[in-house]
Number of protein chains: 2
Amino acid sequence: MGKAKATRGDRAGAATTAEKIRAAAEELFCLRGFEAVSVADVAERAGVNKALVFYHFESKAHLFDLVLARYYDAHTAALAGAFADEGALAERLHRVVDAYLDFMADNRRYAALVQQQLTEPGTHARIRRHLEPLLRFLEQALAGATPPKGPLAGRQFFVTFSGMVTHYFTYAPLLGALWGGDPMSRAALDERRAHVHWLVDAILARLADERPAKARPARARTR
Amino acid sequence: MGKAKATRGDRAGAATTAEKIRAAAEELFCLRGFEAVSVADVAERAGVNKALVFYHFESKAHLFDLVLARYYDAHTAALAGAFADEGALAERLHRVVDAYLDFMADNRRYAALVQQQLTEPGTHARIRRHLEPLLRFLEQALAGATPPKGPLAGRQFFVTFSGMVTHYFTYAPLLGALWGGDPMSRAALDERRAHVHWLVDAILARLADERPAKARPARARTR
DNA sequence: GGGCGCTTTGACCGAGCGGTCAACCCGGTG
DNA sequence: CACCGGGTTGACCGCTCGGTCAAAGCGCCC
């Protein structure tokens, strides 16, 4: 139906109605989640009649899907770039961690939004398609350093790394009260960044210690 | 008002109405979250008239608070026991990790429920009171091994450890589709457990490597 | 038996929700 | 000018929600 095609000149500064609605939806969904935002809220924020939302997007769910899809794409793009093949493994991982942290800092409610989505099985297929390439990226990057199966397989580190990064942001509103100070401040974010980098190094060091014992016939520990 | 006091003999097997409601609420809230469960749902599940819910508990929010409080208490109790002072640091941390994993496995929706709570600032005070002792436990346990400030402070590891554990469970419904196999199966849970234990050891090893360089006047790297 | 007080019931309420509809506005075209 | 068709409007619908209420049920003690 309404395909939000701008027939007019599309001059900068004059956002189309559909764009205004999408922007308002993005803002509100990220602020309060899907259920807590009504279509009337979105329309009001966009400065637009409620019925227009249904004219341009066919339902609240569709609108939400669109917002989510944009997030997922931005997320994947941000990380995919950082996975670029150049540099040593440690360097690549540090790049990815930085990109991840930056993305989360720029889209603070994103983690909560995704987490909320995990509750509804209907959306699993989409999230899976989103997560799958990221998992493959990491598995491929780690291929030389970790075994393909078992507790040290890449997929375990996938959960671990993403947890280390996202957990900070989902808990941020609480951490502010638990620690003194704002966990979203520049200084706090830098501290978290340093922590995660340290963790990556610690993990790689340990993996390097273990690998030889597995790759070659088991012997006494080198080093 | 209605204080759910059982005046009768309270014979085992015959749950009071209030208890039936609480049990039903616990079940449903943990299955689908707060918003997605209606009072009518709870009443039906409990086999009870809807108005009774408001008679025994004064509102849906109160009922939810009660369920949450029980979870928080159980969580704190489970971890506090594991923090017991005996054994080396590594041993204590392994015990805590095990207790944490066990608790999460037994209360699978708990993480999602808490995460959902983080969205609503009104509940932060309660969660903070719940998390605070756990943070102090870990900070105290790590006191000898980590600096009090900066990227390696205990509070960073608090976020990291809880993330490593809980992230697995919040993402579990997706991981089943991403990996083959059920991430909640006994084998998968054991694998995750082994992974987290390995991480704890890796972290402690790295900390042990770093400590001497910090504790004594900085010198060339030993080892 | 009769009154008392807790428990239970079903009917009801106002509000808010996602979504629809018929009508209207308005610039472009013949 | 009339016509056309996409953009826009406000009124409206059916439904579900959390919560209320007056009345009924019921064990208990005088």
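Just so it is clear, the structure is predicted and the values come from calculations on it, not from any experiment. Just so it is clear: chains get the letters A, B, ... in the order the sequence lines come, proteins before strands, and each one is counted from 1.
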* Structure fact -> 5' to 3', nucleotides 13-27 of chain C under a 4.0 Å protein heavy-atom cut-off (B base, S sugar-phosphate only, - none) gives ----SBBBB------
* To do: Taking only the side-chain nitrogens and oxygens of B:Thr17, find out if one of them lies under 4.0 Å from OP1 or OP2 of C:dT8.
  => yes
* Would you say a side-chain N or O of A:His56 is under 4.0 Å from OP1 or OP2 of D:dT8? -> yes
* Given atom CG of B:Leu52 and atom P of C:dT7, what is their separation to the nearest angstrom? -> 10 Å
* **d(CD, B:Glu19; C1', C:dT7) in whole Å** => 16 Å
* To do: Calculate, to the nearest 0.5 Å, the distance between atoms CG and CG belonging to A:Leu138 and A:Leu93 respectively.
  => 6.5 Å
* Send over the distance from B:Leu28 CG to D:dC17 P, rounded to a whole Å. => 12 Å
* Give a yes or no answer on whether the side chain of A:Arg92 reaches the backbone of A:Gly87 with a donor-acceptor pair at less than 3.5 Å. => no
* Residue A:Asn49, side-chain heavy atoms: nucleotide from C:dG10, D:dG10, C:dT8 that is nearest -> D:dG10
* Find the distance between CG (A:Leu134) and CZ (A:Phe161) and round it off to the nearest 0.5 Å. => 14.0 Å
* Asked: How long is the line joining OH of B:Tyr55 and C1' of C:dT8, in whole Å?
  -> 9 Å
* Structure fact -> All heavy atoms of B:Leu63 vs all of B:Arg22, minimum pair found to be CD1-CA, 4.4 Å
* Whole-Å distance between D:dG7 P and A:Ile21 CD1? -> 11 Å
* Expressed in angstrom and rounded to an integer, what is the separation of B:Phe57 atom CZ from D:dG19 atom P? -> 14 Å
* Quick one: CD1 on B:Ile127 to CG on B:Leu118, what's the gap to the nearest 0.5 Å? -> 5.0 Å
* Asked: Do the ring planes of B:Phe64 and B:Phe34 sit parallel (below 30°), tilted (30 to 60°) or perpendicular (above 60°)?
  -> tilted
* Structure fact -> Residue set satisfying ring-ring contact (aromatic ring centres under 6.0 Å, His included) with A:Phe103, at least two apart, ordered chain then number -> A:His75, A:Tyr110
* Asked: With no hydrogens and no angle check, is any side-chain donor or acceptor of A:Arg128 less than 3.5 Å from a backbone partner on B:Leu178?
  -> no
* To do: Please round to 10 degrees the angle between the axis of the first five pairs and the axis of the last five pairs in the helix from C:dG1-D:dC30 to C:dG30-D:dC1.
  => 30°
* To do: With rounding to the nearest 0.5 Å, note down the distance linking OH in A:Tyr72 to CD in A:Gln117.
  => 5.5 Å
